There are 2 protein chains.
Amino acid sequence: MAFEAGELTTLLDGRWAHVRDQVREALEGIDLAPADDLDTESHRAHTLEQLRQLAKTGVPALGFPTAHGGSGDTGGSVVSLEMLPGNLSLMVKSGVQWGLFGGAVVALGTERHHERYLRDIISLELPGCFAMTETGHGSDVQNLRTTATYDPESQEFVVHTPHEAARKEYIGNAARDGRMAVVFAQLITGGESHGVHALLVPIRDQDGDPLPGVEITDCGRKAGLNGVDNGRIVFDQVRVPREALLNRYGDVAPDGTYSSPIASKGKRFFTMLGTLIRGRVSVAGTAGSAAKLALEIALRYGDARRQFGRPGTEDEVVVLDYLAHQRKLLPALAKSFALHFAQEELVSSLHDGSDDERAQRELESRAAGLKAITTWHATSTIQTCREACGGAGYLAENQLAQLKADTDVFTTFEGDNTVLLQLVAKGLLTNYKDQFDDLGTLGMAKFLADQFVGSVIERTATRSLVQRIIDASGKDDILDRGWQLKMFDDRERHVLDGLGRRLRKSNRSNAFEVFNSAQDHVLRAGRVHVDRLVLEAFVAAIERCRDRRTAALLNKVCDLYVLSTIEEDRGWFLEHERISPRRSKAIIEAVNGLCAQLRPHAVDLVAAFNLPRQWLTAPIATGAEADRQQAQQAHDRTLRS
Amino acid sequence: MAFEAGELTTLLDGRWAHVRDQVREALEGIDLAPADDLDTESHRAHTLEQLRQLAKTGVPALGFPTAHGGSGDTGGSVVSLEMLPGNLSLMVKSGVQWGLFGGAVVALGTERHHERYLRDIISLELPGCFAMTETGHGSDVQNLRTTATYDPESQEFVVHTPHEAARKEYIGNAARDGRMAVVFAQLITGGESHGVHALLVPIRDQDGDPLPGVEITDCGRKAGLNGVDNGRIVFDQVRVPREALLNRYGDVAPDGTYSSPIASKGKRFFTMLGTLIRGRVSVAGTAGSAAKLALEIALRYGDARRQFGRPGTEDEVVVLDYLAHQRKLLPALAKSFALHFAQEELVSSLHDGSDDERAQRELESRAAGLKAITTWHATSTIQTCREACGGAGYLAENQLAQLKADTDVFTTFEGDNTVLLQLVAKGLLTNYKDQFDDLGTLGMAKFLADQFVGSVIERTATRSLVQRIIDASGKDDILDRGWQLKMFDDRERHVLDGLGRRLRKSNRSNAFEVFNSAQDHVLRAGRVHVDRLVLEAFVAAIERCRDRRTAALLNKVCDLYVLSTIEEDRGWFLEHERISPRRSKAIIEAVNGLCAQLRPHAVDLVAAFNLPRQWLTAPIATGAEADRQQAQQAHDRTLRS
């Protein structure tokens, strides 16, 4: 089962192959190695310097409008961040500067802001912050407590933090480098609140000192990402001019009159939020890359490392030949492939955009769901890789420690995964929306329930391919793709139907209790929905593969993804009599069999992702272990002869 | 359902309550706070200084013989390490100095070594290392490649590292502080190898410089535990006197004649290893404590933190009131109780010792199994706690980052968990030993198979209580303890029977393949065996509880432990038709119900462990969040009025 590694990389590089190549080349010229054993201040300085170098490569300009020095390539900007898994402090600081801060100015601002700030943002002349989260409100950002009160006399907004829970919290670039912040606050004019809006607020002068009324404290040391200077910001009646309001979705006239193209306060807020999902998509992409890098390290080491003699021989067994070791790493590798293709579909949808509101809601839902599933995948995969490398995996030089520490927050920032999956589920439950109008507050955008009225299973291009495969399938065989697709489909429908039935029992007085007692069911709904989307993306990608042998190998990888997913959730499939006990055991055996079949290709498969080689520095993954094994074997032979 | 917190703490403190109190008191007088944001060298210096302070408290002397300044309290010494979860660099460095290094001198040395070294070891005058692991051999320590060749002319041993894979690796205390090492090496005399033995080898002079022939390098930065100076040691024909051999289980006469009270090389080696299990037991205990500390932080925060408005009210919901949040934390809390009682039983067996070889093997198996299950529990629980605290959980000040980073290596040091569970399984499979004689090399002590011929389910004191409960049970109810015990029992028997049948098919030529293809089955056998032991320990502890209401609450905690364990493994129970689909769903609902019932007691339950208060410093767990919520509510009221 040989395959074309080049063909596979081409397929994986996909639509943004040119951007991936651009980053690979750009990185060859500069040293962006992560910091090693620096105190926090030095690590931050080091990362800022690297950010400056990155700015010079032109890569950060990808996502900005061409009129202001950018390339207008939204998808490319997301993909470029995916290429930085080896230095996640740098990636996150890039994300803060160009994705969140710059992205908010682009998406929520208007020409006056673009003209004035974008070039300086791209060049890093103007380092900035994205000040949304508050100490008291992280997931529920609709209820932020910072206020921006319009004063018609001076034609200024007064930005204010009313109490400690309202201070801006975990704000990247705030503790050290940021000069300006996009501050999200309740906009008040004429005594009336119009909901959360964003304003540009200068926070430091040219010397780097906080401006009057701005109190900045340091979040201090974190589990990881210590090259990023997270801080807290408290505003004491800070005044900014009327023009500081990023006024694309809501504006205040000099006399204080409020106007907006969107009448509903809730809809307006979620529309604003919706324009900012690029950050969420980037986190998913980078989490996926970090998992791939970890897998490459663990697989290369597992392919060289030997432990315990093999009975009847003088050799020791290569650890990746153990079933237990394969089971740790290969299903995770298969899932990495699946998520990679799903991510590319997501980036494409984001890039192409749509005027259709339903399509936009669906994009937001996919971004939320894929972010949750991919970041959890990264956390568990990197953990598993660390353990699979034993003590060597614990040493900083072998990279897994940093990957783990840096990605750990991905599951809760840019949207807490548990909240995001509920948002996904809610989007799917619009059929039942009349029954639970009052549940919008449970971390799930009520707006979505009001607006997104679609069938549960949407009909996309991919979907028609999937339907063809399902229709063509006559075989009731666990390796039959039609059967597999049907299993994922059916599970999603059943979970949603059941959830709908449960939630219909709610009314005004018991809404919280009914919803809360079904919360595990809600989370399951979100999860199985994403599982289906991911599988369909994988199937569509194999369909695009032009090389027969490569496609054959990918089909095995896809089988492993499907069957290990079913195995993990076989409690549900058995409980709902979707598979028999006998079939359940057969699935476990099939996963073992697929692990054995893919084991010889494991290193080639992970290498096909072709992450920039600069990021692979772990001695255990770059020959040290193989060299030692050779030296030991040579010595053993001398002793025997 | 009120309960007696004091009664519960008494039960939890158990047999070593006096030691727990001794440590609680000792810690009140000294500052052992972990380092914050120090570079590696400063962190190590800081930890060494704390180790010196700890030495002065007398606590480290607990485990040493009374004749040499100790208290002769083996169990107490293990429990005392459990009390240091707030500074795990300190705990591990203590474990290296007094547990591994000192423990090896006690267990493998004889009077001449005790007399000469123990007082200096206890006082930290002589900082030492435990140099077993090599770069090339971590799990398979029987095949270490360092040699100690006896030279009868000079009556010395020549200790030598033949190639890079044989260098000593990850050795605690080696990079900076250690003066002497217990070095494990293949003992060769008269041209014949007698297997691995331990020798005392000086590695540094009084000035801290490496001695001639000793090359020490630094393992550098690690994911955590950076207060511990791990290093690599290479020996170039280093000579030590004949008396340096720790000669309890094997000695070399001046003329080079080898003698040992144990004839079999394998048995001798595993007997030596067996005396060293205290380290493994300590790791399990400390991992358990770390999980409790993490849970205390997350539960206290979850009990104060609010997010998202509650429909129909002006309040926001306390996050621990969400089912999803309860499900993250409460089953883990229940398991922490279960493991706590199992750990105490293990420590008791270790402390009491036994001349019976079978009891010794069983103790080793329990230590291996409990170490694996508890350290994995710690890793997943601390991860979950971090996520449950969101961004706050990522900040160093809230302790979870450090707990996570420091405990991460616990799953692979002092025995890799995957290897340990196989060892457990093998101990249980002695009924089948004739069928797979040749499999000893697979990370599983062949010796155990040869020696430990017992029934699969041993009959201990606890066991008779369990049998009484099972016999008395007439109810086929998921909340009936007899039914629960039967489920765990039956699962273990079935898994072992099936595994035995599979392995009987092996012969000399296919041994590796047969064993390897069943490796997931082997791991499951180890796991379900430990699950049963843990449940039985929990049941026995409730039996000891003198307060009726406390016992009633503990029974609920035990129900949650049992049912969440079955829920997690319901794939197996359904696959083997041990539970019906309907019952499986009922179990999920019962877990939800138990979470709701235990939620009001969650903080009191975790507080009952009464870890030294010095270790609870996280602002989110010590009032900061509650204060903010109060201030916000007061402000909200002002706005409304």
Side-chain angles (χ1 to χ4, degrees), chain A residues 36-37 39-40 135-136 138-140 162-165 170 219-223 307-312 322-324 327 386-387 390-391 394-397 401 405 408-409 411-413 416 418 438 441-443 508 511-512 516-517 519-520 523 570-571 574-575 577 581 584-585 628 631-632 635, chain B residues 36-37 39-40 135-136 138-140 162-165 170 219-223 307-312 322-324 327 386-387 390-391 394-397 401 405 408-409 411-413 416 418 438 441-443 508 511-512 516-517 519-520 523 570-571 574-575 577 581 584-585 628 631-632 635:
Chain A
D36 178 29
D37 198 14
D39 62 74
T40 304
T135 305
S139 293
D140 184 11
H163 48 71
E164 194 179 276
Y170 318 126
C219 290
R221 193 88 186 157
K222 305 184 299 287
Q307 200 75 175
F308 294 111
R310 187 173 179 124
Y322 289 112
L323 173 64
R327 273 198 159 263
R386 200 303 286 164
E387 293 182 26
Y394 199 63
L395 301 185
E397 65 178 27
D408 191 55
V409 77
T411 54
T412 54
F413 81 176
D416 177 278
T418 301
D438 244 4
T441 43
L442 276 168
R508 266 183 193 282
F512 177 76
N516 197 38
S517 70
Q519 206 179 13
D520 56 336
L523 292 170
R570 67 194 205 279
L574 285 158
E575 224 161 55
E577 300 180 70
S584 184
K585 292 177 193 165
R628 275 194 291 268
Q632 175 171 298
H635 185 262
Chain B
D36 177 31
D37 199 13
D39 62 71
T40 303
T135 306
S139 294
D140 185 8
H163 46 72
E164 192 179 276
Y170 317 127
C219 290
R221 193 89 186 156
K222 306 185 298 289
Q307 200 76 177
F308 294 113
R310 185 171 181 128
Y322 289 113
L323 173 65
R327 271 197 159 265
R386 201 301 287 163
E387 292 183 26
Y394 199 63
L395 301 186
E397 65 178 27
D408 191 55
V409 78
T411 55
T412 55
F413 81 176
D416 178 278
T418 302
D438 243 6
T441 43
L442 275 168
R508 269 187 188 279
F512 177 76
N516 198 39
S517 71
Q519 206 178 13
D520 55 336
L523 292 170
R570 67 195 203 279
L574 285 158
E575 225 162 57
E577 301 180 68
S584 184
K585 291 178 195 167
R628 276 194 290 268
Q632 175 171 300
H635 185 262

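Please read these numbers as outputs of a predicted model, since none were measured by experiment. Order of the sequence lines sets the chain letters (A, B, ...), proteins ahead of strands, with each chain counted from 1.
- Contact annotation for B:L395: both backbone and side-chain heavy atoms come within less than 4.5 Å of a heavy atom of chain A.
- Proximity to chain A involves both the backbone and the side chain of B:D408, based on heavy atoms less than 4.5 angstrom apart.
- If you tally non-hydrogen atom pairs under 4.5 Å between each of B:T412, B:D39, B:L523, B:T135 and chain A, the highest count goes to B:T412.
- Scanning all heavy atoms of the two residues, the minimum distance from B:R386 to A:T411 falls at NH2-OG1, 3.2 Å.
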* To do: May I have the step-by-step check of side chain to side chain contact (heavy atoms under 4.5 Å, CB included) for A:E387 and B:T418, ending in yes or no?
  => CA-CA 9 Å; A:E387 293 182 26; B:T418 302; over 6 Å; no
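- Looking at B:Y394, the atoms closer than 4.5 Å to chain A (heavy atoms on both sides) sit in the backbone and in the side chain alike.
- The candidate from A:T40, A:L574, A:D520, A:V409 with the greatest count of non-hydrogen atom pairs under 4.5 Å with chain B is A:V409.
- Each of B:A401, B:P162, B:G391, B:S517 has some count of heavy-atom pairs under 4.5 Å with chain A, and the biggest count is that of B:G391.
- Only the side chain of A:D416 comes within contact range of chain B, with heavy atoms under 4.5 Å apart.
- Proximity to chain B involves both the backbone and the side chain of A:A324, based on heavy atoms less than 4.5 angstrom apart.
- With a threshold of 4.5 angstrom between heavy atoms, A:R221 approaches chain B through its backbone and through its side chain.
- A donor-acceptor contact closer than 3.5 angstrom is absent between the side chains of B:Q307 and A:S139.
- The minimum heavy-atom distance between A:S584 and A:R570, with the atom names listed, is OG-CD, 3.3 Å.
- For the set B:E164, B:Q632, B:E577, B:R327, the entry with the most heavy-atom pairs within less than 4.5 Å of chain A is B:Q632.
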